[in-house]
2 protein chains.
Amino acid sequence: MAMGTGQSSRISAGRLEIRPEEHAALVDGRPLSLTVRELQLLVTLAEHPQRIMTREELFAEVWASEPRREDRSVDVYVSRLRAKLGEALPGAQLIHTHNGIGYRFSPDG
Amino acid sequence: MAMGTGQSSRISAGRLEIRPEEHAALVDGRPLSLTVRELQLLVTLAEHPQRIMTREELFAEVWASEPRREDRSVDVYVSRLRAKLGEALPGAQLIHTHNGIGYRFSPDG
DNA sequence: CCCCTGCGTTCACAGGATTTTCACAGCCCT
DNA sequence: AGGGCTGTGAAAATCCTGTGAACGCAGGGG
């Protein structure tokens with residue numbers, strides 16, 4: 001995989017499909033209306049399924065800089081993302097919290 | 001990869017794999033949801049397979065200090081760890097008690 | 001044989017730490 | 001000016017940690 005920024009062309013996770021190059025995330029073929037940040041965060045998480053990613057890693061990928069010591073941005077965007085994903089996929093638990101560390105994307109439960 | 005003090009990069013024990021650097025312990029590739037303490041304890045035990053480790057040794061590694069005379073923390077966390085491991089690997093007996101001494105991690109039975 | 005003791009295991013809980021969510025002000029773009 | 005996006009602070013909710021206490025088990029002594 002010789003991608004510059006690490007963008008896979010497509011990522012599937014059950015009924016969810018992500019197309020980074022098209023700036024789109026679809027559920028059953030219907031696009032979610034995610035903001036740029038939300039999508040970037042989802043892409044970053046989904047590019048590393050089952051991997052626990054720290055806030056620093058996520059911030060580095062999505063914001064392309066280092067977070068302040070007490071930055072809650074990642075948490076806030078995870079929350080917004082969950083809200084929109086939960087609306088389109090009720091009951092699904094795609095993003096898991098790992099206390100004291102960060103977050104993890106898991107295609108299944 | 002600048003490696004820390006005594007952290008092996010990966011430890012395998014049958015279906016269990018531990019990746020200290022990623023703050024993760026996996027069973028069949030799926031991460032267990034361990035707390036920081038639980039993971040530290042598991043790492044410490046698993047770094048010395050087949051070796052009986054005293055409470056003092058474990059406490060020193062995980063808590064980075066000395067236990068009070070009647071500290072039950074190690075026992076409690078071993079118990080919690082066993083519960084979570086037993087859930088993911090029913091029937092497995094990874095952590096053995098050595099009466100009057102401490103605990104031992106054994107990859108096989 | 002029964003009781004007592006020592007040890008390990010687990011439960012319950014309070015305090016602290018962390019995460020989640022809400023509300024809002026500034027920005028950018030149209 | 002209007003509408004949505006962003007990031008920040010702070011309250012609310014949740015989880016983690018360590019502790020004391022109860023419970024079970026095994027061995028020794030009466």
Side-chain angles (χ1 to χ4, degrees), chain A residues 23-25 31-45 52-87 90-106, chain B residues 23-25 31-45 52-87 92-106:
Chain A
H23 308 286
L32 300 174
S33 58
L34 303 180
T35 71
V36 172
R37 283 273 192 273
E38 289 161 0
L39 182 66
Q40 284 177 315
L41 180 58
L42 177 58
V43 168
T44 303
L45 280 166
I52 301 170
M53 303 196 70
T54 65
R55 276 166 236 279
E56 286 73 19
E57 287 176 313
L58 292 169
F59 203 91
E61 287 279 345
V62 177
W63 278 259
S65 63
E66 284 183 15
R68 299 170 312 141
R69 208 181 321 281
E70 312 201 298
D71 202 317
R72 295 262 136 253
S73 298
V74 171
D75 302 66
V76 170
Y77 276 89
V78 166
S79 174
R80 289 172 180 163
L81 200 44
R82 278 173 171 161
K84 292 189 179 177
L85 287 173
E87 212 172 306
Q93 284 280 52
L94 291 167
I95 304 175
H96 298 259
T97 304
H98 283 254
N99 221 294
I101 309 175
Y103 297 94
R104 172 176 58 91
F105 181 87
S106 167
Chain B
H23 309 285
L32 300 174
S33 59
L34 303 180
T35 70
V36 172
R37 283 270 191 278
E38 288 162 359
L39 181 66
Q40 284 176 315
L41 180 58
L42 177 58
V43 168
T44 303
L45 281 165
I52 302 171
M53 303 196 70
T54 65
R55 276 166 237 278
E56 286 73 19
E57 287 177 312
L58 292 170
F59 203 92
E61 287 278 346
V62 177
W63 279 260
S65 62
E66 284 182 15
R68 299 170 313 140
R69 208 180 325 279
E70 311 201 296
D71 203 318
R72 298 263 134 245
S73 298
V74 172
D75 301 67
V76 170
Y77 276 89
V78 165
S79 172
R80 288 173 180 163
L81 201 44
R82 279 172 169 161
K84 291 189 179 178
L85 287 172
E87 212 172 307
Q93 285 281 51
L94 292 166
I95 303 174
H96 299 260
T97 304
H98 283 255
N99 226 290
I101 311 177
Y103 297 95
R104 172 176 58 90
F105 181 87
S106 168

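The sequence lines fix the lettering, A, B, ..., with proteins before strands; numbering per chain opens at 1.
- Separating the CG atom of B:Asp71 from the C1' atom of D:dT17 is a distance of 11 Å, rounded to the nearest angstrom.
- A distance of 11.0 Å separates CZ in B:Arg37 from CZ in B:Arg80, rounded to the nearest 0.5 Å.
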### Message
Strictly under 4.0 angstrom, non-hydrogen atoms only: write out the protein contact profile of nucleotides 11-26 of chain C, one letter per nucleotide from the 5' end, B, S or -.
### Response
-B-----SBBB-B---
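- Between B:His23 atom NE2 and D:dC16 atom C1' there is a gap of 17 Å when expressed in whole angstrom units.
- We find that CG of B:Leu41 is positioned 15 Å from C1' of C:dT9, with the value rounded to whole Å.
- Taking 4.0 angstrom as the limit, B:Thr35 places none of its side-chain polar atoms (N or O) nearer than this to OP1 or OP2 of D:dC15.
- Atom CG of B:Leu39 is separated from atom C1' of D:dT17 by 16 Å (rounded to the nearest Å).
- Judged purely by atom type and a 3.5 angstrom limit, A:Thr44 uses its side chain to pair as donor or acceptor with the backbone of A:Gln40.
- When rounded to the nearest whole Å, the span between CD of B:Glu70 and C1' of D:dG18 equals 14 Å.
- Relative to the axis of its first five pairs, the axis of the last five pairs of the helix from C:dC1-D:dG30 to C:dT30-D:dA1 sits at 20°, rounded to 10 degrees.
- Looking only at distances, a side-chain donor or acceptor of B:Arg82 sits under 3.5 Å from a matching main-chain atom of B:Ile95.
- Side-chain N/O atoms of A:Trp63 include none lying less than 4.0 angstrom from OP1 or OP2 on D:dT6.
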